[in-house]
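Take a look at the structure set out below.
FYI, side chains are in, hydrogens and waters are out, and symmetry mates aren't considered; it's all heavy atoms of this structure. Since we're looking at a predicted model, the values are computed, not measured.
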Amino acid sequence: MVPRASFVRSPMYQDLWRPYGMDDGMRLTVSVDRAGIHHAINLMKPASGGPFDMDDIAMARGLMPHLQRALAIQRRMEHADVTEASAISTLNLLRHAVLLLDEDGRVLHANALAETLLLCGDVLRAKHGILYAATAPMTAALHAVLAAAAARHDLPMRAGSLRLPKPAGGAPLSLLAMPFQQDAHWSLSRRTAILVCIADPDTAPAVPGRWMMELFGLTGAEARLSIELMAGKELRDIALDSGRSINTVRTLLARVMAKTGAKRQSDLVRLMANLPRAGEPARDPVPGTARQAHRKAKHADGG
């Protein structure tokens with residue numbers, strides 16, 4: 001890079017190379033990224049070893065493909081870690097329980113709501129990684145839906161749905177199993193084949209009133225009215241609960257429909273049902289000790 005006479009007078013040589021007995025160097029540039037930054041390995045030899053010769057250079061050239069491969073694997077692993085962490089965080093923000101299963105129907109991952117559901121075990125549970133419903137007939141129906149989603153037993157690949165009754169009563173859970181087409185992955189890990197979404201009508205979160213106000217310019221009263229309509233309440237019940245006259249409530253509704261562009265009340269409800277909703281971020285719905293015990297039980301079962 002510079003003439004040797006100039007280099008030996010440089011601070012780098014005097015302060016670093018000379019005190020440590022380094023006399024000759026060779027740089028292996030493994031890659032150059034998009035920003036033009038060189039990723040290199042510097043090799044140094046003492047004066048007693050003589051300069052790097054053609055045999056050393058030939059050996060370095062032979063090593064280069066392996067070094068480049070190692071760097072590529074490191075980058076892909078770092079990217080996979082970031083992607084996995086982002087995907088898991090996203091799944092935990094969803095308002096539905098979500099399970100990822102392999103082609104044999106074994107649980108690979110469960111988001112926070114799904115872990116809570118499996119931990120309770122009254123509607124759905126996992127044993128040795130395999131999902132079971134509350135009764136044998138429901139389990140048979142569940143396994144048939146999962147087999148179709150994974151195209152097992154020579155079945156045509158298709159999505160399927162199932163209602164899972166709650167032993168304690170209330171609206172049944174709605175389960176949807178979909179084929180999960182995943183791109184080829186460089187690792188040897190089991191690939192996801194089935195995406196399972198489970199919704200509980202009794203716990204479906206409402207659209208926050210603040211979102212309605214920001215999206216459509218609604219007032220607080222108009223946003224509350226919209227949310228109550230989404231919850232299935234009638235105008236007369238809303239008027240009675242709020243202490244307003246039915247005419248006042250109808251005036252509020254007319255303003256909401258004008259601001260949202262809805263032509264009918266059913267259009268307004270459909271519009272709100274299609275708005276994005278997510279759960280609260282980051283707070284663990286399962287206490288730490290219970291979650292750890294659940295995971296230990298899954299590992300013990302091979303799940």
Side-chain angles (χ1 to χ4, degrees), residues 1-93 98-112 128-129 150-151 179-195 282 291-292 295-296 298-303:
M1 299 175 74
V2 296
R4 180 170 181 80
S6 299
F7 180 59
V8 296
R9 292 195 300 270
S10 69
M12 175 179 281
Y13 183 86
Q14 295 296 331
D15 297 340
L16 180 62
W17 284 51
R18 185 177 179 181
Y20 288 95
M22 296 184 295
D23 188 70
D24 197 34
M26 178 167 59
R27 166 175 281 192
L28 309 182
T29 300
V30 182
S31 72
V32 181
D33 62 25
R34 294 177 180 177
I37 298 175
H38 289 237
H39 300 271
I41 298 174
N42 293 319
L43 304 177
M44 311 299 176
K45 290 179 70 173
S48 60
F52 286 98
D53 56 25
M54 294 307 297
D55 289 340
D56 295 324
I57 294 173
M59 181 180 68
R61 284 177 175 161
L63 287 173
M64 186 61 72
H66 303 286
L67 295 173
Q68 290 173 332
R69 177 63 176 167
L71 179 60
I73 290 174
Q74 179 193 16
R75 286 174 174 171
R76 295 190 74 167
M77 291 182 68
E78 290 174 350
H79 177 72
D81 287 343
V82 172
T83 301
E84 179 185 14
S86 300
I88 290 175
S89 297
T90 301
L91 289 177
N92 285 335
L93 286 174
V98 177
L99 295 158
L100 300 177
L101 314 181
D102 67 12
E103 59 185 7
D104 296 321
R106 294 183 180 275
V107 178
L108 296 177
H109 179 74
N111 72 348
H128 302 297
F180 192 89
Q181 299 297 320
Q182 185 176 0
D183 294 336
H185 199 270
W186 64 273
S187 75
L188 299 179
S189 61
R190 291 179 295 168
R191 291 174 55 190
T192 304
I194 309 169
L195 176 66
R291 179 180 290 274
Q292 292 170 6
R295 284 177 174 160
K296 287 180 181 178
K298 286 203 299 184
H299 289 310
D301 286 338

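For the side chain to side chain donor-acceptor pair (under 3.5 Å) test, no residue two or more places apart in sequence or in another chain qualifies with D24. For Q68, the side-chain contact (heavy atoms from CB on, under 4.5 Å) partners are V30, M64, not counting sequence neighbours. In this structure D104 satisfies the salt bridge (charged side-chain N to carboxylate O under 4.0 Å, His left out) test with no other residue, sequence neighbours excluded. Taking the side-chain contact (heavy atoms from CB on, under 4.5 Å) definition, one finds that A151 meets it with M157, sequence neighbours left out. By the side chain to side chain donor-acceptor pair (under 3.5 Å) test, D55 pairs with no residue at all, sequence neighbours left out. Remark: R4 pairs with D23 by the salt bridge (charged side-chain N to carboxylate O under 4.0 Å, His left out) rule, at least two apart or across chains. Residues passing the side-chain contact (heavy atoms from CB on, under 4.5 Å) test with S6 are P3, R9, sequence neighbours excluded. With sequence neighbours left out, F52 forms a ring-ring contact (aromatic ring centres under 6.0 Å, His included) with no residue at all. Not counting sequence neighbours, D53 has no partner by the side chain to side chain donor-acceptor pair (under 3.5 Å) test. In this view, D15 and P11 satisfy the side-chain contact (heavy atoms from CB on, under 4.5 Å) rule, not counting sequence neighbours. Here S31 pairs with R75 under the side chain to side chain donor-acceptor pair (under 3.5 Å) rule; sequence neighbours left out.
Between I41 atom CD1 and L67 atom CG the span is 4.5 Å, to the nearest 0.5 Å. Distance check, rounded to the nearest 0.5 Å: CG of L99 to CD1 of I194 gives 10.5 Å. For the atom pair H109 NE2 and N111 CG, the distance stands at 6.0 Å (nearest 0.5 Å).
Here the side chains of M44 and M26 are not in contact, with every heavy-atom distance at 4.5 Å or above. Side-chain atoms of L101 and L108, non-hydrogen and from C-beta on, never get closer than 4.5 Å to each other. The shortest distance between side-chain heavy atoms of R27 and T29 falls below 4.5 Å.
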Is there a side chain to side chain contact (heavy atoms under 4.5 Å, CB included) between D56 and K45? Walk through the geometry before answering. CA-CA 11 Å; D56 295 324; K45 290 179 70 173; 3.6 Å; yes

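Nearest heavy atom pair, residue Y13 against residue P19, reads O-CD, 3.9 Å.
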For residues 32-39, dump all side-chain donor-acceptor pairs below 3.5 Å to protein atoms at least two apart in sequence or in another chain.
{"unit_1": "D33", "atom_1": "OD1", "unit_2": "A35", "atom_2": "N", "d": "3.0"}
{"unit_1": "D33", "atom_1": "OD1", "unit_2": "G36", "atom_2": "N", "d": "3.1"}
{"unit_1": "D33", "atom_1": "OD1", "unit_2": "I37", "atom_2": "N", "d": "2.8"}
{"unit_1": "D33", "atom_1": "OD2", "unit_2": "H39", "atom_2": "NE2", "d": "3.1"}

